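Heads up: the structure comes next, in structure tokens.
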Amino acid sequence: KDNIEELLIMGGAIDCKGNVERFDHDGSAEWNFYYDPEAARKVIHSGLRIVLFTLDAINNCPLRKEFYSDLAKHKKYSAAYYIGCSTTLFGIHVSDTMYMWDPVTTSYLGCEGLCKLVEREIDVELENPS
């Protein structure tokens with residue numbers, strides 16, 4: 001614990017609808033926290049500095065077909081070109097329900113000033129809402 005500067009986590013839904021759609025759930029949870037809420041709660045209450053990217057922030061960053069098309073135009077940059085073309089090459093279905101959850105979260109590490117952080121106290125609901 002003494003050697004950890006901060007934890008960077010993509011998970012949770014605070015003031016928005018979650019992304020868990022199951023017959024026995026009301027849709028309020030985000031999948032990463034839903035999968036193991038006890039573990040999520042332990043981490044949240046660990047006393048470590050946590051930078052948490054929730055669905056509230058990242059649901060404003062959808063991955064649309066236009067994004068992939070723009071990447072495919074950048075033949076000079078092999079990674080961008082590959083990603084852009086992969087939706088066609090591998091038959092990956094792109095819909096409006098895909099979001100940049102992990103790319104936005106990890107960009108925090110290398111793009112200083114990109115994100116405006118808000119400090120909040122939160123808890124993880126352990127009961128399965130219905």
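Remember, it's a predicted structure, so these values are computed and weren't measured experimentally. In this chain, residues are counted from 1 in sequence order.
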Applying side-chain contact (heavy atoms from CB on, under 4.5 Å), run through V51 and Y108 and close with a yes or a no.
CA-CA 9 Å; V51 178; Y108 164 80; 3.6 Å; yes

According to a 4.5 Å side-chain heavy-atom criterion applied to Ile, Leu, Val, Met, Phe, Trp and Tyr, with indirect links allowed, do L7 and I14 form part of one hydrophobic cluster?
yes

Among the clusters formed by ILVMFWY side chains lying less than 4.5 Å apart, do L8 and M10 turn up in the same one?
yes

Distance in Å, W101 CH2 paired with T106 OG1, rounded so as to fall on 0.5 Å steps:
14.0 Å

Over all atoms of both residues, closest heavy-atom pair of E30 and G11:
OE1-CA, 3.2 Å

Run the side-chain contact (heavy atoms from CB on, under 4.5 Å) test on N19 and L55 for me, step by step, so that the C-alpha distance in whole Å, both residues' side-chain angles and the decisive distance to 0.1 Å come before the verdict.
CA-CA 8 Å; N19 61 358; L55 294 181; 3.9 Å; yes

Intermediate values then yes/no, side-chain contact (heavy atoms from CB on, under 4.5 Å), K17 and D56:
CA-CA 8 Å; K17 183 180 182 307; D56 305 70; over 6 Å; no

Indicate the atoms forming the closest heavy-atom contact of L126 with E38, along with that distance.
CD2-N, 3.8 Å

Within this structure, what is the CZ-OH distance for the pair R22 and Y34, rounded to the nearest 0.5 Å?
3.5 Å

Is any side-chain heavy atom of I9 closer than 4.5 Å to a side-chain heavy atom of F33?
yes

I'd like to know whether I122 forms a side-chain contact (heavy atoms from CB on, under 4.5 Å) with T54, so could you lay out the CA-CA distance, the side-chain angles of the two residues, the decisive distance to 0.1 Å, and finally the verdict.
CA-CA 11 Å; I122 65 167; T54 65; 5.9 Å; no

Could you pull out the closest heavy-atom pair between S28 and A13, with the gap in Å?
O-CB, 3.9 Å

Do I50 and L109 share a hydrophobic cluster, counting only Ile, Leu, Val, Met, Phe, Trp and Tyr and linking them when any side-chain heavy atoms are less than 4.5 Å apart?
no

Side chains of residues 39-49: which donor-acceptor partners sit under 3.5 Å, not counting sequence neighbours?
from: R41; atom 1: NE; to: D123; atom 2: OD1; distance (Å): 3.0
from: R41; atom 1: NE; to: V124; atom 2: O; distance (Å): 3.3
from: R41; atom 1: NH2; to: D123; atom 2: OD1; distance (Å): 3.4
from: R41; atom 1: NH2; to: D123; atom 2: OD2; distance (Å): 2.9
from: R41; atom 1: NH2; to: V124; atom 2: O; distance (Å): 3.1
from: H45; atom 1: NE2; to: D123; atom 2: OD1; distance (Å): 2.8
from: S46; atom 1: OG; to: V43; atom 2: O; distance (Å): 2.8
from: S46; atom 1: OG; to: L48; atom 2: N; distance (Å): 3.2
from: R49; atom 1: NE; to: E6; atom 2: OE1; distance (Å): 2.7
from: R49; atom 1: NH2; to: E6; atom 2: OE1; distance (Å): 3.4

